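We count ligands from 1, going down the list as the structure has it; atoms in each ligand are counted the same way. Counting begins at 1 with the first residue of the sequence. This structure is a prediction, so every number in the text was calculated from the model and none was measured.
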Amino acid sequence: MRIIVAGGDGFCGWPTALYLSEKGHDVSIIDNMVRRKIDEELHSNSVTPIASLEERVAKWKELTGKEIKVYEGDLNHYDFLTLVFKNERPEAFVHFAEQRSAPYSMIDREHAIYTHNNNVNGNLNVLYAIKEFEPDCHLVKLGTMGEYGQPNIDIEEGYIEIEHKGRKDTLPFPKQPGSFYHLTKVHDTHNIQFACRIWGIRATDLHQGVVYGLETNETRRDPVLTNRLDYDAVFGTALNRFIIQAATGHDITVYGAGGQTRGYLNIEDTVRCIELACENPADRGELRVYNQFTESFSVKELAEMVTKAANSLDIETTVKNIENPRVEKEEHYYNAMATKLIDLGLEPHLLTQEVLVDILKAAIEHKERVIKDNVMPKVTWK
Ligand code: NAD
Ligand code: USQ
C-alpha cells in the first residue's frame, strides 16, 4: 500500500514508518520537525540521542534497500499538503502529526491556542485533502483514550447504546477530556465523523492509551534508528518517566493519591495496531473507533512495578506522592473495553518485569543526558 505517515519523526511515528516499510509498504513521511523545536523551547531533550530524520532514513535505506520518502512541511500549509497528495496518491494516511502533550497545552493561553490551531486545523486540512484528491484514501487518525475521561460507567469503543424515554439509539460515547490538548482530540473526532457522514470519507479513529517503551525490532537494528524517549514533566509520560526517574536516582513522582488509572500499551503494539487498521479499512462513510491499549494500571501500581524492576538491578528507589499539578480524579472507577484490535489479530506485548528491566537498561545507558531541572512538574492546570 502507499501509506503516508504524518508525524513520522516522532515517538510513535518513526517506529511505525519503519515497521510499515519493513512490511513492504511504500511509506512517505510528513513532518515539520516542530517536536525537535519544542525541545529547544523547553531546554529539554530525548534521553536517547536521536539522529536527524535525514540520517535516519539514509541508514534505513543502507540496511534494507528500502526507501522512505520525506516531505518536510506543515499540515497547516495546504499547498504543501496538496503537493504531497498529488505526488503520493496515498491509500492510507496515518495521522500522528499533532501537539500531543497535555501539560504543554496548559502552559498558558498561547500554548492552548497553538495546540488547538495546530491539531484541529491540521486535521481539517487532511480531511479536505482526502476529499479533494483521494476520496478513497483511508484516514487512520490517532486519537486518545483521554477523550472519554474517567466516567463512573464502563467505557465502550467509541459508541454506546442508549435507551432514553422508551427509545433506543447507538450514539458517540460521552466525552469528558482532561486538558486543552485532550479537547483537540475530541474536536478532531467530531470533525472526522462529520466528514465521513457528509462526504463519505473512510476513517479509523484510534483512541490510544499512554504508550511506554522506546524500541521496536526495526529501531534496534542500528543506533542511528533509535527512537526518542521523553522524561521531562511536559512530554514524558507516566511509565517512561518513572523508569527514567529510577535510573537517575530521582524520586518517583506519583501525582496526588496515585489512583489515576489509564490504559497503557507498548510501542511495539502501537506499530502493529496501525498496520491492522491500515489492512482493514473502514467502509466509505464510516468512522470506526478502536480503543488502542492492552492493560490498565493506576500510577501507584506503575510506581510499585518500577520499584521492583529497579530493585532487581540493585537500584534503590523512593516513591513520592507529590502535589498534583493537574485537576483530575485521583481515585475513580475505570473499566474500558478494548477488544476490536484483538479481534483483528493484535497479540499484546504485556508489561512484564523483563520488559521494564529492558527499558530501564536503555535509560541507565544514557542517564547522563537527563537534565535534572526538567523532571519535576512546573505547569499547573489552575
Ligand atoms: P511526538 O510529538 O513525538 O510526534 C508528533 C510528530 O508530529 C512530531 O515529530 C512533530 O514534529 C510532528 N508534527 C506536529 N504537528 C505537525 C504539523 N502541523 N505538521 C507536520 N508535522 C507535525 O508525539 P507521539 O508521542 O509520537 O504521538 C503521536 C500521536 O499519537 C499524537 O497525535 C498523539 O496525540 C497520539 N498519542 C500519543 C500517545 C503517547 O503516549 N505518546 C498516546 C496516545 C495518543
Ligand atoms: N502522572 C503522574 N506522575 C507523573 C506523570 C504523570 O502521576 O510523573 C499521572 C498524571 O497525573 C495522569 C497519568 O499519570 O493521571 C497519565 O499522565 P501522562 O502524562 O502519562 O499521560 P497524559 O497526559 O494523559 O498524555 C499521554 C500522551 C498523550 C496521550 C495520552 C493518552 O502525552 O498524547 O493522548 O497519554 S491517555 O492518557 O489515555 O489520554
Student: What's the shortest distance from atom 33 (O) of ligand 2 to any protein heavy atom, and which residue and atom give it?
Tutor: R100 O, 2.7 Å
Student: To the nearest 0.1 Å, how far is atom 39 (O) of ligand 2 from its closest protein heavy atom, and which atom is that?
Tutor: T144 OG1, 2.7 Å
Student: Under a 3.5 Å threshold, yes or no: a donor from one side chain and an acceptor from the other, between E275 and Y19?
Tutor: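 On atom types as modelled, these side chains qualify, holding a pair under 3.5 Å.
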Student: Regarding atom 38 (O) of ligand 2: of the candidates M145, K185, Q260, H182, which has the closest heavy atom?
Tutor: M145
Student: Starting from atom 19 (O) of ligand 2, find the nearest protein heavy-atom neighbour and note its residue, name and distance.
Tutor: R326 NH2, 3.0 Å
Student: For ligand 2, is any non-hydrogen atom under 4.0 Å from E328's backbone (N, CA, C, O), its side chain (CB onward), both, or neither?
Tutor: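 Side chain only.
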Student: Between ligand 1 and G143, can you find any atom pair, the residue atom being a heavy atom, that is separated by under 4.0 Å?
Tutor: yes
Student: May I ask whether G209 places a heavy atom under 4.0 Å from ligand 1?
Tutor: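 Contact present.
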Student: So which protein heavy atom does atom 35 (O) of ligand 2 come closest to, and at what separation?
Tutor: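 Answer for atom 35 (O) of ligand 2: V210 CG2, 3.6 Å.
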Student: Should one rank Y212, F235, F242, Y255 by closest heavy-atom distance to atom 7 (O) of ligand 2, which comes out on top?
Tutor: Y255
Student: How close does the nearest protein non-hydrogen atom get to atom 14 (O) of ligand 2, and which residue and atom is it?
Tutor: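 The closest heavy atom on the protein side is V299 CG1, 3.2 Å.
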Student: Heavy-atom contacts under 4.0 Å between H95 and ligand 1: side chain, backbone, both, or neither?
Tutor: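 Neither; nothing of H95 gets under 4.0 Å from ligand 1.
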Student: Does ligand 1 have any atom that is closer than 4.0 Å to a heavy atom of G73?
Tutor: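 Distance cut 4.0 Å: G73 passes for ligand 1.
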Student: Among all protein heavy atoms, pick out the one at the shortest distance from atom 3 (N) of ligand 2; state its residue, atom name and that distance to 0.1 Å.
Tutor: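 The answer is T253 O, 2.7 Å.
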Student: Would you mind finding which of T237, D230, V211 brings a heavy atom closest to atom 27 (C) of ligand 2?
Tutor: T237
Student: Where on N118 is there a heavy atom closer than 4.0 Å to ligand 1, on the side chain, on the backbone, on both, or on neither?
Tutor: side chain
Student: Before signing off on this row, confirm whether Y181 and ligand 1 have an N or O atom pair separated by under 3.5 Å.
Tutor: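 Indeed, backbone or side chain, Y181 has an N or O that close.
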